[in-house]
Amino acid sequence: MTEHLTPHEGRKAPAARPTAPADPRGALLRSPEAAETGGTGAAAQSRADEAVPGAPVPSGEHSQPSAAEPDPHRPRPAPEGGVPAQPGPGAPAGAPDGEERRTGQPRPPGAGPVAMRRDGDRLRFVGAATRRIARGIDLDEIVMGLCRATVPTFSDAILVYLRDPLPVGDERPTGPLVLRLRRTDRLRSIDESSEDTDSDSGTASALQVVQADIADVMGSAELCEVRSGGALAEVLRGVRPVFADAPAARAALPELLGEGRTLPSGQRAILAPLRGRRRVIGAAVFLRRPDRPAFEADDLLVAAQLATHSALGIDKAVLYGREAYIADELQRTMLPETLPRPTGVRLASRYLPAAETARVGGDWYDAIPLPGSRVALVVGDVMGHSMTSAAIMGQLRTTAQTLAGLDLPPQEVLHHLDEQAQRLGSDRMATCLYAVYDPVSHRITIANAGHPPPVLLHLGGRAEVLRVPPGAPIGVGGVDFEAVELDAPAGATLLLYTDGLVESRLRDVWTGIEQLRERLAATAQLTGPDHPPPLEALCDEVLDMLGPGDRDDDIALLAARFDGIAPSDVAYWFLEPENATPSRARRLARSALARWGLEDLSESVELLVSEVVTNAVRYASRPITLRLLRTDVLRCEVGDDVPQLPRLRQARATDEGGRGLYLVNKMARRWGATRLSTGKVVWFELNRS
């Protein structure tokens, strides 16, 4: 960090300065260059003025912190020229920068920095320190910035206590006020720095000030419950920093640090409450060694500024963390927790947010089971990256699920989504791709609303971009959507994705789609022409195509492996709604089970088929359908033209009917009813063994 030159810089100073008493005010400051060369005059004075307290210095300990911060409780290394060390008690006052008064020789490391000679030094220090604190985004960064900005320039050690738990915004805390020791920092002594030790304190509740002339503050209590009406509560309520020898602080500090802790005598410790926007959220304790000038009244103003900036930054960090948590919860609840396991298709998905700190976006995917063992595959992308985009996405996803439950054609689903987006607002734009896979016919019907086209990976390793009419985005209005029906051979894999996977600042959409196609084909070659790649591993391989800096947008990925249902495993009939239809349905079911070698299920299947078909015959006016499917389970589906769904109820002893669904519920593995645009389908499943 570069500071402005002072008016004294650039002047030619005399060769020797007269001896004068040192100005004892404030913290101490030393120029690393002067300490090394022992120089005096204008150059030395200029370099001394540039060494601003709180600004980054050449020392590795007090330079800009890296991504991996050291343990905050490990002793810090000794100053080596760049860290302002403190003068020894025997050092004469007024010695030139870096020189001994009597000998004129350079001071040994740690012998003593120069005191702040002007009030401007304090202002420059406060400015540099608050800038360092303001650089922090999260709670730990802000607290660490406070520690690194003050040690060793303003104090030799610091303890930072924060409220536990920290209140968020206008939230009113409940229970007693409890402070937790959040972080400690200190400057190691010269004796410590001469030894390469890797020992760790092992606890966040220990502050060590290793100096012969100062008592150790060890094992400070990690938790402190502030007693109502006690000395610590009074100091915190007053908000203003106080010296340790002030009457109010004499009882407050032992309560905070724990009984038996000995503090430096005199004005060598400051207790500064940390007050946020609404209330006190913690406290900071600044300590100085005996060989350093004691704190002065002006230092209380410095401590107040540091405490205020830190507390407001902590308040904002807590609010930001809560918003990020809410956004993360909103996004996760909008996306499916688990994917269904429909018959004849296997599914896998991935979701990557554009920002790791907040999973907020408008990308979504879904897999919705449909009647007839079909499944709807949906992927969409709402414009923007905000809470509003996530909320719009949730509404469109809910609408798509409702429309899918009505078994509408894909183009009709997109048409209704377009109308819903227009009702939500004039600028609510989204892209969406809606596909319906039928495992019995091995066909897939796809409609597109401005979304990137899907890629189909065949069993032999060939990957093709499906030719689907692009259509207009949802929300444009007045646009017709077109659906196409394509083959979906067994063993093939359909990949649906959002544009964040294929588009970035480094490439356009079509270049990314071609790279995706090539990546899928190359991955399929690894498993051979007769075996498709594992679905989960395939999704990981697809995401690995993203290089550093390629991910500018959210990514939603949905992969579907088409296994299908063989025609030999399907039995399908049309039955007229007649009185003899239930008995005919029992005979047909018995014949199909015998053909499949499932005679053990005949009794249960015949009973349940008879009950469901009887209910359909009673109300239907058109032919009903009966279909049996043999997969890992035996599934039976009965369809009719009556939209009213049957309800399970407990029949009374005098009722002649109403027990059919009760039997289905007791005997079937699963059962359900789905409303269609042309009626409904009632289905049940039985285990094959």
Side-chain angles (χ1 to χ4, degrees), residues 340-345 367-376 404-409 436-443 445 563-578 581-593 595-596 598 601-648 660-688:
R341 297 182 179 180
T343 303
V345 61
I368 309 167
L370 300 178
S373 298
R374 295 170 301 150
V375 60
L406 298 176
D407 199 25
L408 297 179
V436 175
Y437 170 65
D438 189 342
V440 177
S441 63
H442 296 267
R443 304 280 288 178
T445 306
D563 295 331
I565 300 176
S568 59
D569 292 330
V570 180
Y572 193 85
W573 303 278
F574 286 94
L575 304 174
E576 293 294 333
E578 302 172 346
T581 298
S583 60
R584 184 185 176 194
R586 290 194 295 269
R587 291 194 302 271
L588 294 174
R590 187 187 313 117
S591 174
L593 294 176
R595 186 169 66 252
W596 292 335
L598 301 177
L601 299 178
S602 293
E603 183 177 350
S604 299
V605 171
E606 288 185 46
L607 175 60
L608 299 184
V609 165
S610 178
E611 293 294 339
V612 176
V613 170
T614 299
N615 191 69
V617 168
R618 180 177 301 174
Y619 302 103
S621 58
R622 297 180 182 179
I624 65 175
T625 59
L626 172 62
R627 183 163 74 166
L628 297 179
L629 298 98
R630 181 186 63 170
T631 57
D632 54 339
V633 297
L634 181 68
R635 182 182 177 96
C636 174
E637 300 173 350
V638 177
D640 58 55
D641 61 342
V642 180
Q644 286 78 17
L645 299 180
R647 303 297 180 188
L648 180 64
L661 287 181
Y662 181 79
L663 293 175
V664 173
N665 183 63
K666 286 295 185 181
M667 300 179 62
R669 173 178 175 267
R670 291 195 311 155
W671 77 278
T674 305
R675 182 179 286 110
L676 308 177
S677 57
T678 58
K680 68 173 181 295
V681 169
V682 180
W683 56 271
F684 63 85
E685 293 177 352
L686 293 172
N687 293 322
R688 292 176 52 179

Subject >> Residue among D569, L634, V440 satisfying side-chain contact (heavy atoms from CB on, under 4.5 Å) with L629 >> reply: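 Of D569, L634, V440, side-chain contact (heavy atoms from CB on, under 4.5 Å) with L629 is met by V440 alone.
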
Please name the pair of heavy atoms, one in [X] and one in [Y], separated by the smallest distance, quoted to 0.1 Å.
X: A668; Y: F684; value: CB-CB, 3.9 Å
X: W596; Y: S568; value: NE1-O, 3.0 Å
X: P340; Y: A367; value: CG-O, 3.3 Å

With a 3.5 Å distance limit and no angle check, can you tell me whether [X] reaches the backbone of [Y] through a side-chain donor-acceptor pair?
X: W683; Y: S373; result: no
X: S610; Y: E606; result: no
X: Y619; Y: Q644; result: no
X: R618; Y: N615; result: no

So, taking the atom named [atom1] in [X] and the one named [atom2] in [Y], what distance separates them when rounded to the nearest 0.5 Å?
X: R586; Y: S591; atom1: CZ; atom2: OG; value: 15.0 Å
X: D632; Y: N687; atom1: CG; atom2: CG; value: 9.0 Å
X: L598; Y: L686; atom1: CG; atom2: CG; value: 10.5 Å
X: W573; Y: R584; atom1: CH2; atom2: CZ; value: 10.0 Å

Under 4.5 Å between any side-chain heavy atoms of [X] and [Y], yes or no?
X: V375; Y: V436; result: no
X: R630; Y: R688; result: yes
X: I565; Y: V570; result: yes
X: L370; Y: D438; result: no
X: M667; Y: L607; result: yes
X: T581; Y: E578; result: yes
X: L575; Y: T625; result: no
X: C636; Y: L608; result: no

Original post:
Can a salt bridge be assigned to the pair R675 and D407 using a cut-off of 4.0 Å between side-chain N and carboxylate O?
Top reply: no

Original post:
Is it true that D640 and K680 make a salt bridge, defined as a side-chain N closer than 4.0 Å to a carboxylate O?
Top reply: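 A salt bridge links D640 with K680.
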
Subject >> Side-chain donor-acceptor contact under 3.5 Å, S621 with D641 >> reply: yes

Original post:
Are a donor atom and an acceptor atom from the side chains of S602 and R590 found within less than 3.5 Å of each other?
Top reply: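 Not at all, the side chains of S602 and R590 share no donor-acceptor pair under 3.5 Å.
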
**OP:** Show your working on side-chain contact (heavy atoms from CB on, under 4.5 Å) between W671 and L661 and close with a plain yes or no.
**Re:** CA-CA 9 Å; W671 77 278; L661 287 181; 3.9 Å; yes

Original post:
What do you reckon, is CZ of R595 surrounded by more than 12 foreign heavy atoms closer than 6.0 Å?
Top reply: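 Yes, enclosed.
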
Original post:
Quick check: are there more than 12 heavy atoms from other residues, nucleotides or ligands sitting under 6.0 Å from CZ of R669?
Top reply: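 Above 12, so yes.
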
Subject >> Derivation of the side-chain contact (heavy atoms from CB on, under 4.5 Å) call for V617 and I624 >> reply: CA-CA 8 Å; V617 168; I624 65 175; 4.0 Å; yes

**OP:** Could you pull out all residues at least two apart from E637 that satisfy side chain to side chain donor-acceptor pair (under 3.5 Å)?
**Re:**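 E637 satisfies side chain to side chain donor-acceptor pair (under 3.5 Å) with R627, R635 once adjacent residues are dropped.
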
